[in-house]
Novice: 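What follows is a single structure, and I will ask about it in a moment.
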Amino acid sequence: MKRKLLYVDAIREATEQEMKRDKSVIVFGLDVDDPKAIQGTTRGLVEKFGPNRVFGTPLSEDAMTGAAVGMALAGLRPIHVHIRMDFMMLAMNQIINVAAKSHYMYGGQVYLPLVIRSMIGKSWGQGAQHSQGLYSFFMHVPGLKVVAPTTPYDAKGCLIEAIRDDNPVIFVEHRMLHFQKGLVPRKQYVVSPGKARITAKGKDVTLVGISHMQLECIRAKLYLESVGISTEVIDPIWLSPLDIDTISKSTAKTGRLIVVDNDWISCGASSQIVADVTERLQGKREIRVHRMGYAAVTCPPTPPLEKLFYPDGPKIAQAAYRMIKDQKSNWLPRERKDLQEIEFKGPF
Amino acid sequence: MKRKLLYVDAIREATEQEMKRDKSVIVFGLDVDDPKAIQGTTRGLVEKFGPNRVFGTPLSEDAMTGAAVGMALAGLRPIHVHIRMDFMMLAMNQIINVAAKSHYMYGGQVYLPLVIRSMIGKSWGQGAQHSQGLYSFFMHVPGLKVVAPTTPYDAKGCLIEAIRDDNPVIFVEHRMLHFQKGLVPRKQYVVSPGKARITAKGKDVTLVGISHMQLECIRAKLYLESVGISTEVIDPIWLSPLDIDTISKSTAKTGRLIVVDNDWISCGASSQIVADVTERLQGKREIRVHRMGYAAVTCPPTPPLEKLFYPDGPKIAQAAYRMIKDQKSNWLPRERKDLQEIEFKGPF
Amino acid sequence: MNSKFYRSLYRIRRVEEEIARVYLIDKIKSPVHLSIGQEAVSVGVCEALRSDDIVFGSYRSHAFYLAKGGDLKRMIAELYGKITGCAKGKGGSMHLIDRAHGVMGASAVVGTTIANAVGFAYALNYQEKRSIVVSFFGDGAIDEGVFHESLNFAALKKLPIIFICENNLYAIHTHQFQRHANPNIWERVRSYGIPAQRIEGNNIFKIYREVSKAVKTLGTRGTGPFFFECMTYRWKEHVGPGDDFHLGYRAEEERTPWVKNDQVKRIASLIDPKKRQRIENQVEEEIREAFEFAEASPFPKDFELYSDVFKKSK
Amino acid sequence: MNSKFYRSLYRIRRVEEEIARVYLIDKIKSPVHLSIGQEAVSVGVCEALRSDDIVFGSYRSHAFYLAKGGDLKRMIAELYGKITGCAKGKGGSMHLIDRAHGVMGASAVVGTTIANAVGFAYALNYQEKRSIVVSFFGDGAIDEGVFHESLNFAALKKLPIIFICENNLYAIHTHQFQRHANPNIWERVRSYGIPAQRIEGNNIFKIYREVSKAVKTLGTRGTGPFFFECMTYRWKEHVGPGDDFHLGYRAEEERTPWVKNDQVKRIASLIDPKKRQRIENQVEEEIREAFEFAEASPFPKDFELYSDVFKKSK
Ligand SMILES: Cc1ncc(C[n+]2csc(CCOP(=O)(O)OP(=O)(O)O)c2C)c(N)n1
Ligand SMILES: Cc1ncc(C[n+]2csc(CCOP(=O)(O)OP(=O)(O)O)c2C)c(N)n1
Ligand SMILES: [Mg+2]
Ligand SMILES: [Mg+2]
């Protein structure tokens, strides 16, 4: 149980173990079989399972997603990989109009055990078209499941769960999480929908951090500690279906909710969570809520603007501080070097 | 000022007047030049302006949207028409990754005076793939404007505004509104972003009805009158940018907000509006909020299930009644024949 | 052979005529896209298939659904929105399915099932199954990028799939000439290294013969795909039960040769009148029963609204 | 002619070598996709254009940007993320633009600008302008549906556009053979009725000559489009400043003939050494100035984060 793995290796291991278990699991997508092996997440798979089970494709996001649907209809359990969420915009018709709807519109007769892996880019000039989250699109449409694990442990458990799930699952990775290290059991295990993870216990404010923003929330918590504020941090892990109970309960306890998203705010996951919790707690408990996410602009590649574009530990800490102490406070913690590398602890 | 027009004729008139005014306005898209002329909204235009300015296209949503972007870059003001929102899923890459971002990512050097008209289907077995709203996708991404006029008056004014706007505007029509009648001035006028319309004054509850749901909210208001509840109804008209001030103020007055969307709730416009108003009024005014929208399932074509799928006047009235009087109440008004046809009054 | 052809042709024609008749009394609250005039393509192709072969198609779905053996009762019930429908009333006329007979679905968005069919064919190869896939689509689907992406992939992987383009000259009211500078669909397809040909004249025998050859070749894996552009003609309006010559986008004379060349009549004339009468009686009886079944069936109960969103995994 | 070619080729080569050199000290915090080895395509094409002609391209944007006359200072400043960059630091290396010189932008999503270029060409026709459009893209873009949709439309409307496929054999690390059963891009294009040919050997003269002919023909409207598949080779890794033969997806020997056939050297040998020296000195000076300019320029101020989301309409 003490074994540490990188996130990418956790993904790789989950894939390999599931492929061994079930011959119907196959992996395909642009560059999955190339020397870079999708940051290493597909390394060695083609050698182990052969080019019929692991293959690169032409640049044809629309048809390849449609093909994944067809394979799933035929009883395979395809894992289709996109190296950027942004490129999924080319596959929206198949995802929204076909994959999400087939089980329902055929009266339950068919089902699609399909995983779509995709990555959010950040930094080093990713810019306008390589940095988007956009998973709220998939949370909007019934018939899709969405998961965005942040730790190597959850990456493995969620991917195994996603592969075994009989429905289309959008599996959201973040490039800045790919080389995070954490404890990962050797055996197979699942991290299922329905249970958000409380990653830090606290009593003054609830921070919900999605995808990479989970890390920033943990940083914020450490900054807030230094000013005597006790923070509860929650990682929803599965975004659809979403464990709103855990978030509601925590908010009922702390009276304050900040949702920090790795995406824009308008009609995003942060709006959904804040609206849901508000509806649930109204009349029961007075609360304060706040949404944070990308600035409402296109992502700029130049470093000084990019820094302003994203929420980060200090900014999140400031928002919590303001909510608790004083809306007008200018307190903003200085970035601490020792918080630059945060390793996920566990096992959970 | 007493002239009444159908919604479709208001659209047609706006287009024609703007084409006369400005030679750079062109109209294209599947079937715009065919005998049905997009429900009549493009009738006669090809005869008046010729096939270079008004033309049907191959079935190529992705490239035709990309072409619209290119035309706008070259200084034209294209109106590109899709007969269903659902088909825009094929054009998401150009809309989200290119149209929304060009002005920003080229540092303001280019701009895209582009209108994308699209229609939401309903009833008569439209089913899974001809019934979606999905405009929340466009509200999510910075760089796009979104408008969903509900009256013939606003249809004309908003379309003229959209054509003259130098940014990409997603213009959302609803097929059930197309044959609504209402007063429409002959002259050109604009209905600009920044001003939601209070379509009925009231004091007990605020109903925000988007697109076709505006009509259902007006029905709900009439049902509620009969039980002595006074309803304020708001039509946001422009969804992005959204006039949240008007909605907030009304909610501050009534203390109650119900947002009824023509789309799913999760990460939808209703979540956005509820979260925004909550953030603004917290600590100032205790309020109750509630979101309504499509049932969280794929749209079923069979009439009895389809009826359950959509919010309607009685269901909205019930939700308001419960919020005001008693959460457990079973009151549900019987559908009134005299409310089946609601004509928009005005001018506003 | 001829009587098999005739039964299938006659059945499709008569089912759709009945749909058109019943449509006027608003029992079918759903768009209907009739294939009247085009039946020979579906029948010619599907008669060349085995029952475990798979077909995918578009919203113009009645003909290939029935030709492949799809259940008639459940189809009509689906159009009526009844719980006994092939999709429990949740699909409607544009999303017919009958897994037991290899009808894997239909899409209301043009072109989408082409990619699904290609993926299914990949899976069949991978699973070492002997069946093959047929993908039906119209001339309008050619314009869509997904068609090309799908061809490219199918050719690359040499998949066991037959593409059938039902070229009825129009996408709604827009002629192929208004959409393609070069109306040579089969030529475009050949450039991918896919054997492709055009079959003129809605000729059921020719279609059957050519598709049968392709099916035979596909018995050996790694020999696909194949492509056929089948020229045909839609007699009725794009959607709905009526004629549409009054719209002016096409002249009634354009239809005349196709009506003269009606494959239902053609095959009828080739079989023994008594046999023919027997077939027709059986089909009429089947149709009567199917509409009665649909009428008598209940609508889905309210709880069905929320069923089938997700499949519970075991 | 030769000295014009040489100046442009040498300038692109040297700019990119400088980028590669500077990259190691992390001043450029942006992905860079170098065209070293491929310059002849951009130069051969752009030398055949007029300054009011328009080009669109992909993230591998340095060569066509410079070949079309794009401002060097503003390009390097853009890579450095400075406010003086051609997109104020908001575009980065993958979205170079210079409207004044007809460089209308570049996309990081493969294939997208092809459709934009087609729309632009439609507008030029409509506006009765004399200029034409060139759309640059890689062999990877051929796989995307939007390529086909765009060709079909351009052919239908006979648009004044020249499509240039820079076929460097690879999409990232994936060879064309792994993506196309039939590596005959030009043939696919011909099936749309578009004149299309492959130009072998990265030959700048041939490219210039053939494109010039097409440009001339396009002087008469209704004669387009044209298509050229220009065979070329990327010497460096897909993204970044280094070599990539260690990755194993291609052998260094594959590059050898292309290096032997280096068009920069080839043209260098054709011009008078003194003249050549003068050109080189001028270019070196220009490059030095450009990097100094970029270094010295300030980053965008904070308020720039929120500018340029929407254009204010007048
Ligand atoms: C992607 C998409 N775009 C547009 C439409 C609207 N539409 C419905 S049917 C149709 C014509 C399709 O023509 P074709 O493929 O030739 O089939 P046919 O109706 O002739 O059988 C169009 C454009 C659609 N359903 N899907
Ligand atoms: C739509 C899309 N899919 C995938 C990618 C990832 N990607 C970036 S470059 C590239 C290869 C493109 O190859 P090619 O078009 O030949 O251009 P080259 O890099 O060789 O100049 C890929 C797949 C992308 N940017 N866009
Ligand atoms: Mg057709
Ligand atoms: Mg390439």
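Labels below follow one simple rule: chain letters A, B, ... track the order of the sequence lines, proteins then strands, and each chain is numbered from 1.
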Novice: At a heavy-atom separation under 4.5 Å, does A:A100 approach chain B through its side chain, its backbone, both, or neither?
Specialist: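 It is the backbone, since no side chain atom gets that close.
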Novice: Nearest 0.5 Å please: distance from the OH atom of A:Y135 over to the CE atom of A:M88.
Specialist: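 Interatomic distance, A:Y135 OH to A:M88 CE, rounded to 0.5 Å: 13.0 Å.
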Novice: Which residue out of B:S271, B:S266, B:S136 racks up the most heavy-atom pairs below 4.5 Å with chain A?
Specialist: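 That would be B:S266.
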Novice: So which of B:I95, B:T278, B:V98, B:I265 has the largest heavy-atom pair count under 4.5 angstrom toward chain A?
Specialist: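 The candidate making the most pairs under 4.5 Å is B:T278.
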Novice: Look at B:H290, B:Q272, B:E286 and state which one has the largest set of heavy-atom pairs under 4.5 Å with chain A.
Specialist: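 It is B:Q272.
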Novice: Among B:A269, B:S270, B:G143, B:G283, which residue has the highest count of heavy-atom pairs closer than 4.5 Å to chain A?
Specialist: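 Option with the top pair count is B:G283.
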Novice: Side chain, backbone, both or neither: which part of A:Q132 has an atom under 4.5 Å from a heavy atom of chain B?
Specialist: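 The side chain, not the backbone.
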Novice: Of the backbone (N, CA, C, O) and the side chain (C-beta and beyond), which part of B:D62 lies under 4.5 Å from a heavy atom of chain A, both, or neither?
Specialist: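 Just the side chain, heavy atoms under 4.5 Å.
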Novice: Nearest 0.5 Å, what's the CD1-OG distance between B:I324 and B:S329?
Specialist: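 So the CD1 of B:I324 and the OG of B:S329 are separated by 11.0 Å.
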Novice: Any donor-acceptor pair under 3.5 Å linking the side-chain atoms of B:Q126 with those of B:R84?
Specialist: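 There is such a pair (donor and acceptor under 3.5 Å, judged by atom type) between the side chains of B:R84 and B:Q126.
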Novice: Is there a side-chain contact between B:F87 and B:S118 in this structure, where contact means two heavy atoms from C-beta onward sitting under 4.5 Å apart?
Specialist: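 No, side chains not in contact.
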Novice: Can you tell me which portion of A:V141 sits under 4.5 Å from chain B's heavy atoms? Options are side chain, backbone, both or neither.
Specialist: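 Looking at A:V141, backbone and side chain both touch chain B.
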Novice: Who wins among B:G268, B:P142, B:G127 for the most heavy-atom pairs under 4.5 Å with chain A?
Specialist: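 Winner by heavy-atom pair count: B:P142.
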Novice: Under a 4.5 Å cut-off applied to non-hydrogen side-chain atoms, are B:I210 and B:P236 in contact?
Specialist: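 Yes, side chains in contact.
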Novice: Mind checking the CG-CD1 spacing from A:L207 to A:I316? Nearest 0.5 Å is all I need.
Specialist: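 Answer for the CG-CD1 pair, A:L207 versus A:I316, is 7.0 Å.
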Novice: Identify which of B:M105, B:K101, B:H103 forms the greatest number of heavy-atom pairs closer than 4.5 Å to chain A.
Specialist: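 Of the options given, most contacts go to B:K101.
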Novice: Tell me, for A:F137 versus chain B, whether the close heavy atoms (under 4.5 Å) come from the side chain, the backbone, both or neither.
Specialist: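 Contact with chain B is through both the backbone and side chain of A:F137.
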Novice: Tell me, for A:I287 versus chain B, whether the close heavy atoms (under 4.5 Å) come from the side chain, the backbone, both or neither.
Specialist: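 Backbone only.
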